[in-house]
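Data block below; observations after.
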Amino acid sequence: MIDATADTPLLPPPLQRWLADRLPELEAVTDVSWPRDSSRVWRLSTPAGAAFAKISPSVEDYQREVYAYEHVAGVLADHEAPRLLSADPHLRALLTTPLPGRVVRDLPLEPRAEQRAHELAGRLLRRWHDHPVTDPDQVRGRIVASATAQADEASRCLERTAGQLTDDQYALVEQVVHELPALAEQLPIVYQHGDFSPRNWLWDESAESLGLIDFQLSAHGSAVGDLIWLHGALWPIRPDLKDAFFTGFARDLTDAEQRALPLLTTRLAVSYLTTGLTVDNAMLIDRGRAVLARLVEAHG
């Protein structure tokens, strides 16, 4: 993170001018962006407290996030999700309230606290999914079209990674190709968070509460679409956290969801592997291989 005083701000000039009317007593700015070009987020300090400013990467991201903040207001409490204070479509700028706590990803929690955080994450996501939002007529068609495109991608990946896969891994990717589009017809439709993982959870140790941030990928989709990261990266090595999550989530997955979740995760893993081999990226190669190995072990 990089700090600056209000006299030497890190903010882009148009954003600084926009904020001047909203936070006239701005004292300090801290860049809290993720280490990627598309992330532009700042923590703003004022005598009255903190706030956060963000510039969305695209118009679509901005529109999704503004809509998601309307959804959040009816779903989660003030300590569970930020509130939108102001927004500007021309700048793609958002000004939001802060949340207590620290990002869960890589946070050294004791097992009991970690399990509690994952139980609360399950509760938050269930409430997020269950809050009624009118489904556009074309949502089911988009879900099926996306599943079909992912199956086609998996087929292309098979051609490029065949020599890199075990027989069981190859068979699992083949199942994506042949089964995923039909399963998409049966998956429950919800309003997704879109990037549901511990990097977007804030754990408040003093209150033992969890908050949820970053809504720019929120959209209608399948409920299990929000579980792919957890299913591929975490639950195979931490079944206790899976149990804690579903204690909070408080519903069993449908038969179609139980079948689709490993296939959706497999598609992502083989995509990682294919991209890694194509661009010679060892991190993506290792990630793809690790997830595929876990999936085969878990699902045969």
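With respect to the salt-bridge test (charged N to carboxylate O, under 4.0 angstrom), the residues E257 and R251 qualify. Here E185 does not pair with R140 in a salt bridge; the nearest charged N to carboxylate O distance is not below 4.0 Å. Residues E297 and R294 are not paired through a salt bridge, judged by the lack of any N-O separation under 4.0 Å between the basic side chain and the carboxylate. The pair R127-D130 fails the salt-bridge criterion, with no side-chain N (NZ, NE, NH1 or NH2) lying under 4.0 Å from an Asp/Glu carboxylate O.
Across every non-hydrogen atom of D226 and G194, the tightest pair is OD1-N, 2.9 Å. Residues S209 and L120 share a closest heavy-atom pair of CA-CD1, 4.0 Å. Across every non-hydrogen atom of W42 and D31, the tightest pair is CD1-CA, 3.9 Å. Taking both residues in full, the closest heavy atoms of Y62 and A87 are given as OH-CB, 3.3 Å, listed atom of the first, atom of the second, then distance. Closest non-hydrogen pair, T96 versus P82, comes out as CB-CB, 4.2 Å. The shortest non-hydrogen separation linking P181 to T148 is CB-OG1, 3.8 Å.
Residue pairs that meet the side-chain hydrogen bond (donor to acceptor under 3.5 Å, both in side chains) test with at least one member in residues 188-197, sequence neighbours left out, are D195-R199, D195-N200. For residues 281-291, the pairs satisfying side-chain hydrogen bond (donor to acceptor under 3.5 Å, both in side chains) are Q164-R289, with sequence neighbours left out. Annotation: side-chain hydrogen bond (donor to acceptor under 3.5 Å, both in side chains) contacts involving residues 154-163, sequence neighbours excluded, comprise R160-T278.
Here H178 pairs with nothing under the ring-ring contact (aromatic ring centres under 6.0 Å, His included) rule; sequence neighbours left out.
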Show me the side-chain donor-acceptor pairs of residues 230-239 shorter than 3.5 Å, one per line, residues at least two apart or across chains.
{"unit_1": "H231", "atom_1": "NE2", "unit_2": "H299", "atom_2": "NE2", "d": "3.0"}
{"unit_1": "R238", "atom_1": "NE", "unit_2": "D240", "atom_2": "OD1", "d": "2.9"}
{"unit_1": "R238", "atom_1": "NH1", "unit_2": "E114", "atom_2": "OE1", "d": "3.1"}
{"unit_1": "R238", "atom_1": "NH2", "unit_2": "E114", "atom_2": "OE1", "d": "3.3"}
{"unit_1": "R238", "atom_1": "NH2", "unit_2": "D240", "atom_2": "OD2", "d": "2.8"}

Show me the donor-acceptor pairs within less than 3.5 Å that the side chains of residues 98-107 make with the rest of the protein, sequence neighbours left out.
none

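Using modelled atom types and a 3.5 Å distance limit, the side chains of S45 and R43 yield a donor-acceptor pair. In summary, the side chains of Q175 and R259 do present a donor paired with an acceptor at a separation below 3.5 Å, with no hydrogens or angles considered. At a cut-off of 3.5 Å, with distance as the only test, no side-chain donor of D37 or S39 sits close to an acceptor on the other residue. The closest side-chain donor-acceptor pair between R83 and T97, if any, does not fall under 3.5 angstrom. For the residue pair R64/Q216, the side-chain donor-acceptor check at 3.5 Å is not satisfied.
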Please lay out, stage by stage, how T166 and D168 fare under the test side-chain hydrogen bond (donor to acceptor under 3.5 Å, both in side chains).
CA-CA 5 Å; T166 67; D168 287 338; 5.4 Å; no
Going through the checks in order, is the side-chain contact (heavy atoms from CB on, under 4.5 Å) test met by L253 and V224?
CA-CA 8 Å; L253 299 183; V224 289; 4.2 Å; yes
Between S271 and E153, is the side-chain hydrogen bond (donor to acceptor under 3.5 Å, both in side chains) condition met? List the steps.
CA-CA 8 Å; S271 179; E153 180 193 3; 2.9 Å; yes
Mind running side-chain contact (heavy atoms from CB on, under 4.5 Å) on L210 and L124 for me, showing each step along the way?
CA-CA 8 Å; L210 193 77; L124 293 183; 4.1 Å; yes
Could you check I285 against L277 for side-chain contact (heavy atoms from CB on, under 4.5 Å), going step by step and ending with a plain yes or no?
CA-CA 6 Å; I285 293 171; L277 292 170; 3.8 Å; yes
Show the numbers, then the answer: is there a side-chain contact (heavy atoms from CB on, under 4.5 Å) between V32 and F52?
CA-CA 9 Å; V32 293; F52 284 83; 4.0 Å; yes
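No side-chain heavy atom of R22 sits less than 4.5 Å from a side-chain heavy atom of T46. Residues K242 and F245 form no side-chain contact, since every pair of their non-hydrogen atoms from C-beta on lies 4.5 Å or further apart. Taking 4.5 Å as the limit, every side-chain heavy atom of E65 sits out of range of all side-chain heavy atoms of D61. Under the 4.5 Å side-chain criterion, counting only non-hydrogen atoms from C-beta, P198 is not in contact with W203. Using a 4.5 Å heavy-atom cutoff, the side chains of V59 and R92 are in contact. At least one side-chain heavy atom of L292 sits less than 4.5 Å from a side-chain heavy atom of L165. Between V270 and L172, the closest side-chain pair of non-hydrogen atoms is not below 4.5 Å. Side-chain contact between L11 and L26 is present, with at least one heavy-atom pair separated by less than 4.5 Å.
Two different hydrophobic clusters hold V72 and V190 under the rule that ILVMFWY side chains link at heavy-atom gaps under 4.5 Å. Under the 4.5 Å side-chain heavy-atom criterion for ILVMFWY residues, no single connected hydrophobic cluster contains both L273 and L263. Hydrophobic clustering, with ILVMFWY side chains joined whenever heavy atoms are under 4.5 angstrom apart, keeps V173 apart from L295. L217 and Y67 are members of different hydrophobic clusters when ILVMFWY side chains are connected at heavy-atom separations under 4.5 Å. No path of Ile, Leu, Val, Met, Phe, Trp and Tyr side chains, each step under 4.5 Å between heavy atoms, connects L268 with Y170, placing them in separate hydrophobic clusters.
Crowding of Q258 atom CD: a count of heavy atoms from other residues, nucleotides or ligands under 6.0 Å exceeding 12. Sparse packing is recorded around CD of E25, with 12 or fewer heavy atoms of other residues, nucleotides or ligands lying under 6.0 Å away. Around CZ of R112, the count of heavy atoms belonging to other residues, nucleotides or ligands within 6.0 Å does not exceed 12.
The distance from the CG atom of L180 to the CG atom of D152 is 10.5 Å, given to the nearest 0.5 Å. Atoms CD and OG, on Q63 and S218 in that order, are 13.5 Å from each other to the nearest 0.5 Å. Distance NE2/H118 to CG/L241: 4.5 Å, rounded to 0.5 Å. One distance of note links CG of L202 with NE2 of H79; it measures 12.0 Å at 0.5 Å rounding. Interatomic distance, L44 CG to L23 CG, rounded to the nearest 0.5 Å: 6.0 Å. One finds the CD atom of E205 at 14.0 Å from the CZ atom of R116 (value rounded to the nearest 0.5 Å).
Under the 3.5 Å distance criterion, the side-chain polar atoms of R123 are left unmatched by any main-chain donor or acceptor of E119.
None of D88, I55, L10 except one satisfies the side chain to side chain contact (heavy atoms under 4.5 Å, CB included) rule with L15; the exception is I55.
The distance between the ring centers of W128 and F196 does not fall below 6.0 angstrom.
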